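First listed ligand is number 1; within each ligand, the first listed atom is number 1. Just so we're clear, the structure is a prediction, and the values are computed from it rather than from any experiment.
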Amino acid sequence: MKILVLHGPNLNLLGRREPAVYGAQTLDEINAQLGVLAAELGVDVAFVQSNHEGALIDALHAAQGAMQGVLINPGGLTHSSVSLRDALLAVNLPFVEVHLSNVYAREPFRHTSLLRDVAVGVVLGFGADSYGMGLRGLISHLRRRVGDAGPPAG
Ligand code: DQA
């Protein structure tokens with residue numbers, strides 16, 4: 001099973017960007033931890049970060065047929081991008097939306113997500129842990145769907 005992990009605009013600056021809101025971990029550190037978790041769970045992960053909406057959409061198009069699900073932190077595009085929503089629907093890949101911060105405790109414009117109603121689920125507010133929780137949830141969902149029990153226990 002292969003999962004695309006997609007990070008949207010400004011997430012390349014994690015570690016330096018508003019650390020009080022987003023934490024001290026860099027994107028590389030978050031990806032490395034997710035890679036370890038993915039290996040434990042017996043799945044492959046591919047990571048893409050872009051500050052460009054079209055590049056994120058291209059990555060989704062390329063994932064169709066090659067990946068089974070998407071873990072996405074769309075950054076600010078969460079609140080504005082009809083095109084990203086359309087791309088996720090077009091490729092018909094189950095996805096989980098994640099956010100480091102609790103967007104509902106922040107400015108009102110962050111309370112809207114154009115993706116959440118078509119997501120498998122949403123995890124937010126747990127800092128970098130949101131990603132790991134989201135990955136676990138996505139994999140459980142996919143395994144329930146295909147009857148794949150995952151790696152052997154022990
Ligand atoms: C974010 C929340 C968004 O509102 C913001 O634009 C981001 C990061 C988060 O992970 O908390 O870039 O998606």
Which pair of heavy atoms, one from Ile57 and one from Ser83, lies closest together, and at what distance?
CD1-CB, 3.7 Å
Examine ligand 1 and decide if any of its atoms is less than 4.0 Å from a heavy atom belonging to Asn10.
no
Return yes if some donor-acceptor pair links the side-chain N/O of Arg110 with the main-chain N/O of Val103 below 3.5 Å, else return no.
no
With a 4.0 Å cut-off on heavy atoms, is Glu107 in contact with ligand 1?
no
Proximity to ligand 1 by part of Leu124, non-hydrogen separation under 4.0 Å:
neither
Specify the protein heavy atom at minimum distance from atom 9 (C) of ligand 1: its residue, its atom name, and the distance to 0.1 Å.
Leu100 N, 3.4 Å
Specify side chain, backbone, both or neither for His7, according to which of its non-hydrogen atoms lie closer than 4.0 Å to ligand 1.
neither
Could you find the nearest protein heavy atom to atom 1 (C) of ligand 1 and give me its residue, atom name and distance?
His99 ND1, 3.6 Å
Check whether any side-chain heavy atom of Val5 lies under 4.5 Å from a side-chain heavy atom of His7, and answer yes or no.
yes
Of the side chain and backbone of Asn73, name the one, both, or neither that has a heavy atom under 4.0 Å from an atom of ligand 1.
side chain
Does any N or O in the side chain of Ser130 come within less than 3.5 Å of the main-chain N or O of His99, such that one atom is a donor and the other an acceptor?
yes
Below the 3.5 angstrom mark, is there an N/O of Val98, backbone or side chain, next to an N/O of ligand 1?
no
Near Gly76, which atoms of ligand 1 are under 4.0 Å from a heavy atom of that residue?
5 (C), 6 (O), 7 (C), 12 (O)
Where on Arg110 is there a heavy atom closer than 4.0 Å to ligand 1, on the side chain, on the backbone, on both, or on neither?
side chain
Would you call Thr78 a ligand 1 contact, heavy-atom distance under 4.0 Å?
no
Heavy atoms of other groups near Arg136 CZ, more than 12 under 6.0 Å
no
Can you find a pair of side-chain heavy atoms, one from Leu14 and one from Ile30, that are under 4.5 Å apart?
yes
Please tell me if the side chains of Val91 and His61 come closer than 4.5 Å, counting only heavy atoms from C-beta onward.
yes
Can you tell me the protein heavy atom closest to atom 4 (O) of ligand 1 and the distance?
His79 NE2, 2.7 Å
Just wondering, do Ser50 and Asn12 contact through their side chains at under 4.5 Å, heavy atoms?
no
Heavy-atom distance to atom 11 (O) of ligand 1: which of Ser101, Ser130, Pro74, Pro9 wins?
Ser101
Criterion side chain to side chain contact (heavy atoms under 4.5 Å, CB included) against Glu97, the qualifying member of Val120, Val70, Thr78:
Thr78
What atoms of ligand 1 come closer than 4.0 angstrom to any heavy atom of Arg17?
7 (C), 12 (O)
